[in-house]
Protein chains: 2
Amino acid sequence: MTRTRQAVLALLQRTRHPISATEIFEQLHQEKVAIDLVTVYRTLHVLKDLGLVLQLDLHQEGLARYELKEGREHHHHIRCQICGQIEDLLLCPLKKITKLIEQRTQFIVDDHTLEFTGLCPQCQ
Amino acid sequence: MTRTRQAVLALLQRTRHPISATEIFEQLHQEKVAIDLVTVYRTLHVLKDLGLVLQLDLHQEGLARYELKEGREHHHHIRCQICGQIEDLLLCPLKKITKLIEQRTQFIVDDHTLEFTGLCPQCQ
DNA sequence: TTCTTATTGCAAGTTTATTGCAATTACCAT
DNA sequence: ATGGTAATTGCAATAAACTTGCAATAAGAA
Ligand SMILES: [Mn+2]
Ligand SMILES: [Mn+2]
Ligand SMILES: [Zn+2]
Ligand SMILES: [Zn+2]
């Protein structure tokens, strides 16, 4: 754990919303932390492998976002189509349906992704 | 509707699985249809705007796939993590949960994406 | 046919992310 | 502390998917 990696981890800790590599890079530079964008990518990769960070690939965004895992349970997200705000949905309605899908398709289901989009209260 | 566009549409009609722009390009070239990759992208854009084609952005694929809309209802997909096979799931378990999410978050929910991944019968 | 507009191909550009490699840094044993 | 070794970093180049500018071509209407 170098100070560079700790800076990225600390930023993720104080950031409430899922953040992209470029946003981490820009934020750290504003805070006078010299770090290359490549290093941000590599650090995120490491943190992901360590199980400290989750990577989110939200629909239609074309970039990856990251959030601290930190004991958080499996959950999903909702994103405002106007302002881009992303909020946690601390629920998963898919446990029962997964079994139905396994029966119907004969697949073994490993994982799923679920995401809602809409208008947040401020943008309505 | 030029013959180029009809060739893309016809390929989508005879293809059973969601297909990417590059795959369309390569398949048409094998069939001796001269078409630029840029034209494939622009054609898919047009067909999407006409409501004839659906764009899918499956998780972790990093590319868009397209399928004929053709009266098909709203549905979701399951993809095999080994062979990449994609199968339709002709169901949507999210109608009720959407109302719950609107109540909890005060968002107006416009849309959702849902995708399952796992192992298909052949790859198990 | 002729005129006008839409479509196409080629080249170049964007964006997000990855890779090669040499320079630097951190860490461990002495 | 010091030196050696391996991990980490920055820079430059590369990759992959997709988009844009623009001139050439093709389609469709009069
Ligand atoms: Mn979250
Ligand atoms: Mn489908
Ligand atoms: Zn879930
Ligand atoms: Zn649905």
So side-chain hydrogen bond (donor to acceptor under 3.5 Å, both in side chains) across residues 90-105 of chain A, not counting sequence neighbours, yields none
Residues 112-124 of chain A vs side-chain hydrogen bond (donor to acceptor under 3.5 Å, both in side chains), sequence neighbours excluded, gives His74(A)-His112(A), His76(A)-His112(A), Arg79(A)-Glu115(A), Gln81(A)-Thr117(A)
Note: contacts of residues 39-63 of chain A with DNA chain D (heavy atom, under 4.0 Å) are Thr39(A), Arg42(A)
So, with a heavy-atom separation below 4.0 Å from DNA chain D, the residues of residues 17-36 of chain A are Ala34(A), Ile35(A), Asp36(A)
Separation of dA17(D) atom P from Arg65(B) atom CZ, nearest Å, is 10 Å
note: Leu37(B), atom CG; dG13(C), atom P; distance rounded to Å ~ 18 Å
Quiz item: Would you say Ile78(B) and Leu94(A) are hydrophobically clustered, going by side-chain heavy atoms of ILVMFWY under 4.5 Å?
Solution: yes
inquiry  = For a quick test of reading the model: is some side-chain N or O of Arg3(A) closer than 4.0 Å to OP1 or OP2 of dT25(C)?
reply    = no
Phosphate contact (dA27(D) OP1 or OP2) by Thr2(B) side-chain N/O below 4.0 Å: no
Given the options Glu23(B), His77(B), His17(B), Arg65(B) meets side chain to side chain donor-acceptor pair (under 3.5 Å) only with Glu23(B)
For the residue pair His75(A) and Glu67(A), confirm or rule out a side-chain donor-acceptor distance under 3.5 Å.
yes
Would you find more than 12 non-hydrogen atoms of other residues, nucleotides or ligands less than 6.0 Å from Lys48(B) atom NZ?
yes
What side-chain donor-acceptor pairs closer than 3.5 Å can you find for residues 28-35 of chain A, not counting sequence neighbours?
residue  : atom : partner  : partner atom : Å
His29(A) : NE2  : Ile35(A) : O            : 2.9
Glu31(A) : OE1  : Arg14(A) : NH1          : 3.2
Glu31(A) : OE2  : Arg14(A) : NH1          : 2.9
Glu31(A) : OE2  : Gln27(A) : NE2          : 2.9

With sequence neighbours left out, the residues meeting side-chain contact (heavy atoms from CB on, under 4.5 Å) with Arg42(B) are Val38(B)
